[in-house]
2 protein chains.
Amino acid sequence: MKMDDRKLKILQAVIADYITTAQPIGSRTIAKKYELGISSATIRNEMSDLEEMGFLEQPHTSAGRIPSERAYRLYVDRLMKIKKLTEEEQTAIMAELGNRADEIENIIRKTVKILSHLTRYTSLAMSSQLDDCRLRHIHFVPIDSNSLVAVIVTDSGIVKNTIIKTADTVTPDYLESLTKVVNEIFQGATVEELNSSVASEDFRRYAYRYRLLDNLIPLIVDSLEEKKCDEVYADGMRNIFNFPEYSDVSRARNLLALIEDKEQLAGLINRIAGKGVKVSIGSELDNENIRDCSLVTATYRVGDKEIGKIGIIGPTRMEYARVVAIMGFMADQITCLIKKQLGE
Amino acid sequence: MKMDDRKLKILQAVIADYITTAQPIGSRTIAKKYELGISSATIRNEMSDLEEMGFLEQPHTSAGRIPSERAYRLYVDRLMKIKKLTEEEQTAIMAELGNRADEIENIIRKTVKILSHLTRYTSLAMSSQLDDCRLRHIHFVPIDSNSLVAVIVTDSGIVKNTIIKTADTVTPDYLESLTKVVNEIFQGATVEELNSSVASEDFRRYAYRYRLLDNLIPLIVDSLEEKKCDEVYADGMRNIFNFPEYSDVSRARNLLALIEDKEQLAGLINRIAGKGVKVSIGSELDNENIRDCSLVTATYRVGDKEIGKIGIIGPTRMEYARVVAIMGFMADQITCLIKKQLGE
DNA sequence: GATTAGCACTCTATTGAAGAGAGTGCTAAT
DNA sequence: ATTAGCACTCTCTTCAATAGAGTGCTAATC
């Protein structure tokens, strides 16, 4: 049998429909939905041919048809038009990729991973917004003659590494004196102080000598401001499916939706978490979507400042005895680690 | 009504049982399973009391009973014995937390996140094992008088930052000359070369002058060896549940299990991935567990060396046209980013 | 000769009724 | 105060009946 243009069109219609609906598709539906100018009976005959040729399959006699693997292969090799990403998508990706992770982010990521692994529940972590974040110090590491890494450390332990390219060749001497100058002017500065000092005459004088300074300021501001928004990390969402209470897929999806709604989640954790390990059970959470869940939270600190929170979410029949122990231990470990990292 | 010791024991039994089984529990079961020395009828009466007091609930008349929120609250506040983590668990956590992420790892993590977000499928990424990984250079950044950060860069772009504490005070001069010496001896070295040169007499002389050297070698070896094992990152596993083909929870769990089995997964990706974007459909994957899935892979490179692979896994009715475009774009972006990071 | 209308046929999914099973609550005996 | 015994209740499973969707085939039409 020969594959003609009409068969291809019908095949394409079946594939396109099945990709979006995941439902077997019948001849009548194609006739109505795709205006091919032929009746359902004709389509029926063609589909029968396509099945014989191995491009369509029937789950059972009286169902519509679905594409076979062979059909997908044909589609991938010959039919599909690759849909290029839009400009906006492209720039968004590049921005996200270029955005470097700081040390605290790394610790948090590790933390949620460990927590979910250890407890087999879904784990959460977030760092609090700090309004009064200050620059602790900044260092430069030469990579080659015209690129270097700037290492920015803040008082809440953010360590941000950024590669800077320079037009001119930078010498070790230059870097050393730059380091001295920058730390002299900006050490202990908040974002506001940074902005005001940039406007000062002193700064202008320096900036003339050290061209790099102009590039540097936005980086420092970023590092200080970055943590102002609440970002919530989650891991182990798949664990939800280990619990029979979520064997009903729609309930599971509800919970997943809440966990993906970072804003609502952040609000919830912020409202509940307090000093030490806290257990909130079901309705105590005061949230319709997770009335049948429990949440165990803990906080980690630098000095006496609370700089972040971790949480475990699971069914109300949670293994509290174990989870509480794990949370306590992890919160302590993070606190220690950040303290150590700040070199205290 | 008064809460006596026997009631507490029964309550504890119900909670303990329900935490593990998630099934309503009846009086007879308690009588048999927990040797309380009383008959099921007595337990029945007590459970009836506990229900009246608000500690137990019945899903329906002829079911067993389950703990109420109030019961959990009582359990958390008074009954439970917090189960401390074992020594092994504690050390494992600390090791994992202390293990710093390198730049490539960060890029990969970002990548899987972006991919799953963009495609709404489950995304995978892995970096290939490189047997011939070489040290590119190493730098030191002072933090304070007795701690510093070692920044280790390899030719495949791994940038590893490690904080080193020193007993002695380190001066900038000391660091500068250490940097010079280390890079002189070790630049371009592989693990083998590193190990052999450590045994040399030259090295011993230096090590005497630069105490830090002894701490440093294991770190460098780590950085070079780290990427020898295939680590697979995955993100967006929850997306599986957006597809009706996995509304059957057991099928979903099967797929999740494969994705969690990093070894099998690595084997699969390695076998399939090749130059450019590749699409493998259903049985082409030649793996029983995912015969109804498709896998789209791509590779990223440094120079002409393939140093990693990314993948998207989803139902065979995948949106190939979009996924193929995204994969191509991402692979290019990662390649660029790593190249840039190596300062080329 | 290709296309289409019409109709019998097939298979699934849903609905409702019947029966088995688990557990309770109550009563009476110990 | 505790326990044995039994009627009662509710769910879950099974099975048959029915509605619905879609096909394949035949005969009529363009």
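Closest contact between the side chain of A/Met47 and the listed nucleotides C/dT4, D/dT23, C/dG25 involves D/dT23. Among the nucleotides C/dT24, D/dG22, D/dT23, the one closest to the side chain of A/Thr29 is D/dG22. Nearest nucleotide to the A/Ser39 side chain, out of C/dT4, D/dT23, C/dC11: C/dT4. Nearest to the side chain of B/Ser62, among D/dC10, D/dT3, D/dG24, sits D/dC10. When each of D/dT3, C/dT4, D/dT11 is scored by its nearest atom to the side-chain atoms of A/Ile38, the top-ranked nucleotide is C/dT4. When distances run from any side-chain atom of A/Ala41 to the nucleotides C/dA5, D/dA4, C/dT24, the shortest one goes to C/dA5.
In the interface, the side chain of B/Arg44 is paired with the base of D/dG5 through a donor and an acceptor atom under 3.5 Å apart. Checked by distance alone, B/Arg28 brings no side-chain donor or acceptor within 3.5 Å of a matching partner on the base of C/dG23.
Contact annotation: A/Thr42 side-chain N/O to C/dT3 OP1/OP2 distance is not under 4.0 Å. Under 4.0 angstrom from either OP1 or OP2 of D/dT23 there lies no side-chain N or O belonging to A/Ser48. Contact between the side-chain N/O atoms of B/Thr61 and the OP1/OP2 oxygens of D/dC10 is found at a separation under 4.0 Å. Residue B/Arg6 has no polar side-chain atom (N or O) positioned under 4.0 Å from OP1 or OP2 of D/dA1.
Salt bridge A/Arg251/A/Glu245: absent, no basic N to carboxylate O contact under 4.0 Å. Here A/Glu319 does not pair with A/Arg120 in a salt bridge; the nearest charged N to carboxylate O distance is not below 4.0 Å. By the 4.0 Å N-to-carboxylate-O rule, A/Arg322 lies close enough to B/Glu89 to be salt-bridged with it. Of the charged side-chain nitrogens involved, at least one lies within less than 4.0 Å of a carboxylate oxygen, so that A/Glu46 and A/Arg6 count as a salt-bridged pair.
C/dA29 is paired with D/dT2 under the criterion used here, namely a Watson-Crick or G-U wobble arrangement in which both key atom distances are under 3.5 Å. Across all strands shown, C/dC9 pairs with D/dG22; the Watson-Crick or G-U wobble distances both stay below 3.5 Å. If you check D/dC12 for Watson-Crick or wobble pairing at under 3.5 angstrom, you find it paired to C/dG19.
No engagement by A/Ser40 is indicated, since no non-hydrogen atom pair under 4.0 Å with the nucleic acid exists.
B/Pro24 pairs with exactly one of B/Thr29, B/Val14, B/Ile66 by the side chain to side chain contact (heavy atoms under 4.5 Å, CB included) rule, that one being B/Ile66.
For the pair B/His60 and A/Ser27, nearest-nucleotide mapping onto DNA chain D gives the more 5' position to B/His60.
Atom-to-atom, CG of B/Asp49 to P of C/dT24 comes out at 14 Å; the value is rounded to the nearest Å.
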